[in-house]
Amino acid sequence: APADVSPDLLDRNKLWNAVEKSENRKDACLAREFEIAFPDELNEQQRKAMLDELCKQIVNKYGVVVDASIHEPHAESGSDKRNYHAHILLTTRKASVDEYNQLVLGEKSDIELSNAKRATLGLAKTQDDIKEIRQMWADQANKALVHAMFRETIDHRSYADQNSDFLPTVHEGTKVTQLRRQGIDTEISRQNDQIKYDNLKITLNNRYGSYLEQSSKNVQQKFDQWKEQKELQEKQRIEQEQKQQELGRSNSPNRGFSR
């Protein structure tokens with residue numbers, strides 16, 4: 001929140017009650033939400049520090065109040081145990097402090113303005129602001145990874161903007177996620193599993209290159225040899241069964257006789 005705001009007003013219930021009172025329309029948008037995922041290499045303290053820094057940057061850029069919380073993965077219900085993430089709520093109005101050190105919610109923040117209005121103010125489109133926030137997060141995450149002695153990095157850009165061969169997965173949503181946790185496949189989950197498999201092959205190919213190609217050829221060659229051997233064994237088995245059947249008919253005591 002802006003500096004000098006009374007800590008009493010930063011209580012969640014009081015904050016959002018004040019936000020609701022600042023609006024006249026019943027259908028007014030009270031908050032904008034961002035959901036972010038933490039690199040699973042980081043610990044609890046590092047996650048909190050990263051989130052705190054990002055929230056400060058958002059407050060400084062838009063002059064709003066930010067309410068954020070970190071969610072742990074629900075591993076017992078089948079969620080990925082690495083799925084630490086945060087929900088960030090921004091007030092849609094700019095916040096300031098009056099002479100009594102009380103929170104005042106004024107005009108709409110820049111990110112809430114229409115692109116037409118933003119153009120008259122010399123501002124870029126809202127989509128560009130969202131990309132900038134994503135970059136803020138990526139920068140904070142990569143700094144934390146370096147500080148924690150990890151070589152992994154994250155990139156906020158889409159695969160298309162990165163000119164990457166990777167394919168994006170399809171958003172699964174709550175229903176598909178619940179079904180997946182119950183072991184029930186859907187068209188979307190199967191599609192995403194195939195995309196992840198294809199991306200893994202690209203990763204391995206980029207990392208190991210010609211070695212993998214040669215190994216793949218060796219594996220394919222051994223598989224072809226195994227397949228040929230199995231086909232030959234099956235052919236020999238069928239021929240042996242046919243011979244036994246013919247031998248059995250020739251030795252039958254009723255052969256050539258009828259009642």
Side-chain angles (χ1 to χ4, degrees), residues 35-43 71-85 138 141-142 144-146 148-257:
E35 183 176 345
I36 56 175
F38 294 98
D40 65 280
E41 293 86 355
L42 305 180
N43 60 34
H71 288 192
E72 295 182 353
H74 300 289
E76 67 280 357
S77 61
S79 177
D80 191 328
K81 64 180 181 180
R82 301 168 299 177
N83 187 28
Y84 284 91
H85 60 281
N142 289 330
L145 287 167
V146 170
M149 305 296 289
F150 288 100
R151 288 189 291 181
E152 288 78 2
T153 59
I154 64 173
D155 195 321
H156 68 286
R157 298 173 298 167
S158 67
Y159 289 145
D161 289 342
Q162 296 178 48
N163 294 320
S164 172
D165 293 330
F166 290 132
L167 299 173
T169 54
V170 180
H171 180 65
E172 295 191 351
T174 55
K175 290 185 178 180
V176 175
T177 300
Q178 289 173 357
L179 290 172
R180 181 188 283 277
R181 291 174 181 174
Q182 296 171 21
I184 302 174
D185 286 335
T186 63
E187 182 178 352
I188 293 177
S189 63
R190 286 192 294 268
Q191 180 181 356
N192 279 341
D193 289 343
Q194 182 62 48
I195 291 173
K196 291 175 183 178
Y197 175 72
D198 292 339
N199 287 342
L200 176 60
K201 289 195 297 184
I202 294 173
T203 299
L204 294 175
N205 184 62
N206 291 340
R207 184 172 298 177
Y208 299 106
S210 58
Y211 171 78
L212 271 182
E213 183 178 356
Q214 184 59 45
S215 298
S216 178
K217 289 181 179 178
N218 293 338
V219 171
Q220 185 64 44
Q221 184 179 12
K222 290 182 179 180
F223 174 75
D224 291 340
Q225 293 173 351
W226 173 84
K227 185 177 180 182
E228 290 177 3
Q229 184 179 5
K230 295 296 289 184
E231 289 176 349
L232 178 60
Q233 291 175 349
E234 180 65 13
K235 181 180 179 181
Q236 292 173 343
R237 184 188 66 79
I238 294 174
E239 290 177 350
Q240 183 66 26
E241 286 182 354
Q242 290 175 345
K243 289 181 180 179
Q244 290 178 351
Q245 290 174 0
E246 291 176 358
L247 182 60
R249 286 196 295 268
S250 63
N251 294 332
S252 174
N254 296 324
R255 185 174 178 82
F257 296 92

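Each residue takes its place number in the sequence, starting with 1.
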Nearest 0.5 Å, please: how far is [atom2] in [Y] from [atom1] in [X]?
X	Y	atom1	atom2	result
Phe150	Leu42	CZ	CG	7.0 Å
Phe38	Ile154	CZ	CD1	10.5 Å
Lys243	Gln236	NZ	CD	9.5 Å
Lys227	Leu232	NZ	CG	14.5 Å
Tyr197	Ile202	OH	CD1	11.5 Å
Leu179	Arg181	CG	CZ	11.0 Å

request  = Describe, in one word, how the ring planes of His85 and His71 are oriented to each other, choosing from parallel (under 30°), tilted (30 to 60°) and perpendicular (over 60°).
outcome  = perpendicular
Just checking [X]: does its [atom1] atom have more than 12 heavy atoms from other residues, nucleotides or ligands closer to it than 6.0 angstrom?
X	atom1	value
Glu187	CD	no
Arg190	CZ	yes
Glu72	CD	no

inquiry  = Minimum heavy-atom separation for Glu152 and Leu145, please, with both atom names.
reply    = O-CD1, 3.2 Å
Nearest atoms (heavy-atom pairs only) where Asn199 meets Phe166 = O-CE2, 3.2 Å
request  = Can you run down the salt bridge (charged side-chain N to carboxylate O under 4.0 Å, His left out) pairs that involve residues 155-171, sequence neighbours left out, and say none if there aren't any?
outcome  = Asp155-Arg157
Close side-chain approach of Lys235 and Glu239, heavy atoms under 4.5 Å = yes
task = Measure the shortest side-chain to side-chain distance between Ser189 and Glu172 over non-hydrogen atoms and say whether it is less than 4.5 angstrom.
result = yes
Test item: Asp40 side-chain N/O and Tyr84 main-chain N/O as donor-acceptor pair under 3.5 Å = no
ask   = Just one of Asn192, Asp193, Asp198 clears the side-chain contact (heavy atoms from CB on, under 4.5 Å) bar with Ile195, so which one?
value = Asn192
task = For side-chain contact (heavy atoms from CB on, under 4.5 Å), just list the numbers for Gln225 and Gln221, CA-CA rounded to whole Å, side-chain angles, deciding distance to a tenth of an Å, and then say yes or no.
result = CA-CA 6 Å; Gln225 293 173 351; Gln221 184 179 12; 3.9 Å; yes
